[in-house]
**Student:** 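One structure, pasted below without further comment.
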Amino acid sequence: MSRSDGKDDHGRQIHGNQQHGTAGACAPMQPMRHNTDNLHQVTLRYGLALASPLIALLLRLVLSPLVGEQIPFLLFWPAIIFSSLYGGLLPGLVAVALSTALAIYFLLPPVYALAIDDPRQLFTVVLFAIQGALLSLLTTALRRARTRAEIDLARRTQVERRLRLQYEIGRVLADAHDLDAVVANLLASIGTNLGWQVGQFWRQEPATDVLQPTTIWHTPALDAEVIATFQSASRQTELRRGVGLPGEVWQRSEPQWLPDLQAARNFPRHAIAARVGLQSAFAFPVPGSRGLIGVMEFLSTERRTPDPDLLDTVATIGVHIGQFVDRLQAEHAIQASEARKAAIFAAALDAIITMDHTGRVTEWNAAA
């Protein structure tokens, strides 16, 4: 849950439209959709807890000609296990209580009454209720352990993918000598490892003070012609500072996330995104020593909720890419300076001789 000071419970700055409102109308819809999903889950869990004992009773009545009055509680055990495994402890206890009542009313004499005349049957019923509650507790513990294991596995997988992504980004940048040539590889590495379907790089043009899309990447599953249409629409959209998702990133100098593109007010390409089937997007800046170099934008065909850890990861990646660009610019500047010096050295009519600090001649021109 977010706090009024713009940070989450761990003190991290909230990114995207959660804090800055870039998604506009989608913000009020999120709690409503979340509450609806929760109500549906609760209804389903308790509905199954009520239906499972009824189905067990029906099967038991069907088998009565074969088993008679023996083992009246046998088929209720699977119902309790299923209710506890799917719904949790409380639905499991509901299944225990309902199973006990159904067995007393329909299977134990006197039939069609909740009274128990035989003390032995009373002991059997009490023992069944206690065993059912214990079974529900054990099954719920198993369910929680399985859930924790799945969460831990998903978290480890996510961490491994992001570490592998950072390694691949480092490898790509180490072997590169030109930003334009390496952008496509960067988009592919980030999109593939993070599971997003479309990636696009927006270069900041100092002469026009706008963002221009230069490179686009997409998964093979998406139609190339449709993606070309989306790229054409992006090129026709003039994104200045604060306009669109890349413009928001440019203005705020931090990653941004749009969980619902159709509900976002500040996303001029929402119509073409709907045609392509894109539902969520995030973008992060590529900062340089002289200002913004560009923005990398990624879009997904699935609706995805904001992930602060992912935004922190891509923010770090953006800094690494910016450092790579600064290094390239420094290398190009040195090469240009050396080329000018060599040209002046060769064209000079006067004799030029250079020496090191020990007085040893290291270089001279043709005139010398």
Side-chain angles (χ1 to χ4, degrees), residues 1-2 9 27-157 259-260 302-305:
M1 296 179 63
S2 61
D9 294 336
M29 296 173 62
Q30 299 300 324
M32 184 180 300
R33 185 182 300 114
H34 181 68
N35 292 338
T36 302
D37 293 342
N38 284 342
L39 180 60
H40 175 73
Q41 289 294 329
V42 171
T43 302
L44 183 59
R45 287 162 52 195
Y46 282 94
L48 290 175
L50 296 175
S52 298
L54 294 175
I55 296 174
L57 173 65
L58 180 61
L59 293 176
R60 180 60 178 78
L61 293 175
V62 171
L63 296 175
S64 290
L66 298 177
V67 298
E69 297 181 357
Q70 302 297 321
I71 52 176
F73 299 104
L74 177 63
L75 296 181
F76 290 107
W77 294 113
I80 295 173
I81 294 174
F82 176 77
S83 300
S84 303
L85 190 61
Y86 182 83
L89 179 59
L90 291 180
L93 295 178
V94 169
V96 172
L98 182 58
S99 299
T100 304
L102 292 176
I104 294 173
Y105 191 81
F106 289 98
L107 301 176
L108 298 179
V111 182
Y112 307 126
L114 292 176
I116 301 177
D117 297 334
D118 190 345
R120 291 175 299 178
Q121 289 184 347
L122 178 61
F123 175 77
T124 303
V125 170
V126 173
L127 183 62
F128 168 76
I130 294 175
Q131 290 176 338
L134 292 176
L135 180 62
S136 180
L137 285 170
L138 293 175
T139 306
T140 302
L142 177 63
R143 175 177 180 265
R144 291 175 179 173
R146 184 190 64 182
T147 302
R148 285 195 298 268
E150 291 175 351
I151 293 175
D152 291 341
L153 178 60
R155 188 173 299 163
R156 285 197 299 269
T157 303
D260 188 352
E302 303 173 0
R303 184 169 297 175
R304 302 192 176 190
T305 56

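Along the sequence shown, residues carry numbers from 1. The shown structure was predicted, so the numbers you read here are calculated from the model rather than taken from an experiment.
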**Student:** For Pro110, check side chain to side chain contact (heavy atoms under 4.5 Å, CB included) against everything at least two apart and list the hits.
**Tutor:** Ala113, Asp117

**Student:** Let me check something: any side-chain donor-acceptor pairs from residues 128-137 under 3.5 Å, sequence neighbours excluded? List them with distances.
**Tutor:**
unit_1, atom_1, unit_2, atom_2, d
Ser136, OG, Ser84, OG, 2.9

**Student:** Scan for salt bridge (Lys or Arg N to Asp or Glu O under 4.0 Å) pairs involving residues 119-136, sequence neighbours excluded, and state none if there are none.
**Tutor:** Asp118-Arg120

**Student:** Tell me every residue that passes side chain to side chain contact (heavy atoms under 4.5 Å, CB included) with Arg60, counting only those two or more places apart in sequence or in another chain.
**Tutor:** Ser64, Val67, Leu75, Leu107

**Student:** Does the side chain of Phe73 come within less than 4.5 Å of Leu108's, by heavy atoms?
**Tutor:** yes

**Student:** Do Leu138 and Leu142 touch side chain to side chain, with heavy atoms closer than 4.5 Å?
**Tutor:** no

**Student:** Strictly by side chain to side chain donor-acceptor pair (under 3.5 Å), give each pair with a member in residues 43-54 just once, sequence neighbours left out.
**Tutor:** none

**Student:** If you look at every heavy atom in Pro91 and Gly88, which pair is closest and at what distance?
**Tutor:** CD-O, 3.6 Å

**Student:** I'd like a table of donor-acceptor pairs (distance under 3.5 Å, sequence neighbours excluded) in which one partner is a side-chain atom from residues 144-154, with atom names and distances.
**Tutor:**
unit_1, atom_1, unit_2, atom_2, d
Thr147, OG1, Arg143, O, 2.9

**Student:** Please set out all donor-acceptor pairs under 3.5 angstrom arising from side-chain atoms of residues 92-105, sequence neighbours excluded.
**Tutor:**
unit_1, atom_1, unit_2, atom_2, d
Ser99, OG, Ala95, O, 2.7
Thr100, OG1, Val96, O, 2.8

**Student:** Minimum heavy-atom separation for Phe76 to Pro53, with atom names?
**Tutor:** CE2-O, 3.5 Å

**Student:** Return the CZ to CG distance between Phe106 and Leu58, rounded to the nearest 0.5 Å.
**Tutor:** 10.5 Å

**Student:** Only counting residues at least two apart or in another chain, list the ones meeting side chain to side chain contact (heavy atoms under 4.5 Å, CB included) with Ile55.
**Tutor:** Leu59

